[in-house]
Amino acid sequence: MYPMTQCKILLIEDEPSIIHLVSAYLRQENYEVTTATDGMSGLKAARALRPDLVVLDIMLPKLDGLEVLTQLRRESNVYIILLTAKTEETDKIVGLSLGADDYVTKPFSPRELVARIKAALRRIQAGTQTPPETMLHFPRLRIDPGSHQVWLDDQLVDLTLTEFQLLHTLAEHPHMVLSREQLLEKVWGANYYGEERVVDVHVGNVRRKLGGEFIATVRGVGYRFEGEGV
Ligand code: CA
């Protein structure tokens with residue numbers, strides 16, 4: 001496995017000042033940075049480059065960020081961090097439900113974005129480097145932490161890294177209620193300061209992909225995995 005310093009990051013953003021600042025910060029961390037300044041070329045670059053992580057602005061010329069996200073998700077589970085405007089509250093929820101892993105709200109400090117990228121790359125690498133853990137078996141569901149694959153009734157379910165880690169965390173403790181705060185800490189890491197709503201949207205994605213079953217909402221508390229389905 002490559003060392004973290006050689007990770008490839010694709011930045012899709014049309015604002016020159018942000019491109020300049022963010023790529024300078026990322027190169028300082030020894031990441032390989034490629035930039036694209038509109039949605040169309042961003043999508044092309046993502047296909048050609050196969051980056052480890054994509055930072056994707058929502059407001060983009062030619063093809064907007066949410067459209068890029070939708071198309072990218074059809075072909076790849078690459079880790080995606082959205083850049084959203086503070087005023088567009090719905091954008092981040094729509095973005096997460098379309099499969100983005102995380103978001104950062106503009107205006108942001110480049111240091112904050114770099115910290116989020118580092119945390120994400122650590123999660124990606126932890127997933128590929130740790131020895132395979134035990135496969136979790138349930139009557140209709142199999143969860144393999146080694147390959148990050150999930151089978152529902154013997155059909156492979158296509159989950160992003162974040163969705164997989166969320167499901168795996170819940171399934172490791174069947175019938176136990178985990179709070180949003182606990183899930184944020186276990187999946188996103190102890191230093192994550194994002195909103196708990198992020199958990200709700202990702203749980204919604206996992207649920208939808210599992211046919212609406214397996215994860216129960218415990219009102220006012222959190223979520224509970226039911227191995228036999230809900
Ligand atoms: Ca923009």
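Numbering of ligands and ligand atoms starts at 1, following listing order. What you see below is based on every heavy atom in this structure, not just the backbone, and it leaves out hydrogens, waters and symmetry mates.
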(request) Indicate, with yes or no, if the rings of Trp151 and His137 have centres closer together than 6.0 Å. (result)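 Centroid separation for Trp151 and His137: 6.0 Å or greater.
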(request) Measure the acute angle between the ring planes of Phe225 and Phe214, then classify it against the limits of 30° and 60° as parallel, tilted or perpendicular. (result)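 The rings of Phe225 and Phe214 lie parallel, inter-plane angle below 30°.
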(request) Have a look around the Ca ion (ligand 1) and list protein N/O/S atoms under 3.0 Å, or say none. (result)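 Hits for the Ca ion (ligand 1) below 3.0 Å: Asp14 OD1, Asp57 OD2, Met59 O.
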Mark yes or no for whether [X], through its side chain, and [Y], through its backbone, hold a donor-acceptor pair below 3.5 Å.
{"X": "Arg142", "Y": "Leu136", "value": "no"}
{"X": "Glu15", "Y": "Ser17", "value": "no"}
{"X": "Asp101", "Y": "Ile81", "value": "no"}

Run the side-chain donor-acceptor check on residues 20-28: report pairs under 3.5 Å with partners two or more places apart or on a different chain.
residue, atom, partner, partner atom, Å
Ser23, OG, Ile19, O, 2.3
Arg27, NH2, Val33, O, 3.0

